[in-house]
Amino acid sequence: MANVKVPYLDLKAQYQSIKPEIDAAIARVLDSCQFVLGSEVAGFERDFAAHSGTSECIALNSGTSALHLALLAAGVGPGHEVITVPFTFVASVAAVLYAGAKPVLVDIDPRSFTMDPAAIEAAITSRTKAILPVHLYGQSADMDPIMEIARRHALVVIEDAAQAHGAKYKGRPAGNIGDMACFSFYPGKNLGAYGEGGAVTTSNAEYARTIRMLRDWGQDHKYHHVLRGYNYRMEGFQGAILRVKLKHLDKWTEARRSIVRQYNELLADCEIETPEEMPWGRHVYHVYTLRTDDRDALQAALTAVGIQTGIHYPVPVHLQPAYSDLSYGPGAFPQAERAAKQVLSLPLYPELSSKAVVHVAEVVRKSVGVKAQAGVSR
Ligand SMILES: Cc1ncc(COP(=O)(O)O)c(C=O)c1O
């Protein structure tokens with residue numbers, strides 16, 4: 001199989017598997033001409049709230065908009081600080097700046113790649129308004145200690161669940177643990193739209209009401225603007241498509257988890273660290289991320305035979321040129337910086353064949369070698 005091409009992601013394969021349902025959903029929107037919000041979006045909001053175990057879901061035009069509006073609904077603004085992590089997609093930090101507040105970063109726990117609860121208290125000041133943990137790669141942050149600290153200091157908790165559709169923390173769905181949670185439906189996400197999309201889930205009616213107004217120019221009814229809002233509405237096509245895809249999400253998550261078990265078994269004796277599912281949760285593996293000191297060589301070996309990989313993320317946010325004014329230099333967050341040098345994400349999507357997984361694992365094994373003690377028995 002040396003020349004087989006393995007894409008990192010294959011959106012076409014997924015579309016083909018549900019084509020009649022998707023085409024019918026698109027036709028429904030065309031027939032109704034409800035291109036912005038409308039009944040399909042409202043239906044998706046009901047379905048996704050039920051899936052998340054919350055009473056409310058507000059559909060938006062991106063995960064970034066979700067973070068922005070959740071922060072505004074929480075009352076975050078100029079003069080406030082929000083605690084989040086440097087090892088995330090840049091939007092988690094950028095949204096805090098959109099709200100006019102200051103992002104205060106804390107390091108990650110190296111095993112889960114999520115916010116280290118032990119680092120939070122030292123970062124709290126009289127200006128801290130919220131904590132924004134990120135469920136990175138599809139694994140929930142350790143929410144109990146985060147919620148306990150937040151309650152003790154009267155802080156709002158906003159989960160960045162952009163990568164964690166269907167993930168669980170101690171049996172509860174990610175998205176119904178904090179005060180609000182933010183999802184992205186960017187096409188490559190576990191639940192992906194066919195364009196941009198996002199949502200906030202919450203069981204707080206007041207937050208939901210504020211976000212509903214803010215997404216639609218701050219109107220409480222047509223042309224009556226009680227808040228300074230935005231145009232962050234979800235499109236009808238995306239609502240209709242997401243409603244169809246949500247019905248398949250649990251099955252797709254199981255497929256991802258089964259592929260991960262196969263990767264883990266095939267790579268168990270290799271000179272790499274495979275991802276760990278923490279005892280507190282159910283990982284939905286938005287990405288399958290290895291750690292190795294020889295990351296660049298491994299990526300080159302995979303690329304050479306046509307296997308696509310990703311690096312999530314090569315530079316932590318505090319070392320990005322655009323965020324240098326946050327004034328954290330190299331060495332500020334050793335775990336985030338180490339992870340950025342070591343991580344490599346292998347192809348993973350529900351339709352990835354078992355044969356392709358074996359092929360990818362073989363190339364990884366050849367490139368990194370096996371651990372000494374394991375090597376003896378082979
Ligand atoms: C952790 C995280 N937060 C926020 C976002 C932003 O979502 P969107 O791209 O839908 O604006 C993403 C998307 O990649 C993400 O991965």
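In this chain, numbering begins with 1 at the start of the sequence shown. Each ligand, and each atom within it, is numbered from 1 in the order the structure gives.
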Show the atom names and distances, to 0.1 Å, of all donor-acceptor pairs under 3.5 Å that link a side chain in residues 301-310 to residues at least two apart or in another chain.
residue, atom, partner, partner atom, Å
Thr303, OG1, Gln299, O, 2.7
Gln308, OE1, Tyr8, N, 2.9
Thr309, OG1, Gln299, NE2, 3.0

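Around ligand 1, the residues contributing at least one heavy atom under 4.0 Å from the ligand are Ser62, Gly63, Thr64, Leu67, Thr88, Phe89, Ala91, Ser92, Val134, Asp160, Ala162, Gln163, Ser184, Lys189, Gly197, Tyr313.
By the ring-ring contact (aromatic ring centres under 6.0 Å, His included) test, Trp252 is found to be paired with His248, residues two or more places apart in sequence or in another chain being considered. Checked against salt bridge (Lys or Arg N to Asp or Glu O under 4.0 Å), Glu265 has no partners two or more places apart in sequence or in another chain.
In this pair, Tyr313 and Phe89 present their aromatic rings tilted. The plane angle is within the 30 to 60° band.
A centroid separation of less than 6.0 Å is found between the aromatic rings of Phe185 and Phe48.
Salt-bridge check for Arg243 with Asp47: passed, with a basic side-chain N closer than 4.0 Å to an acidic carboxylate O.
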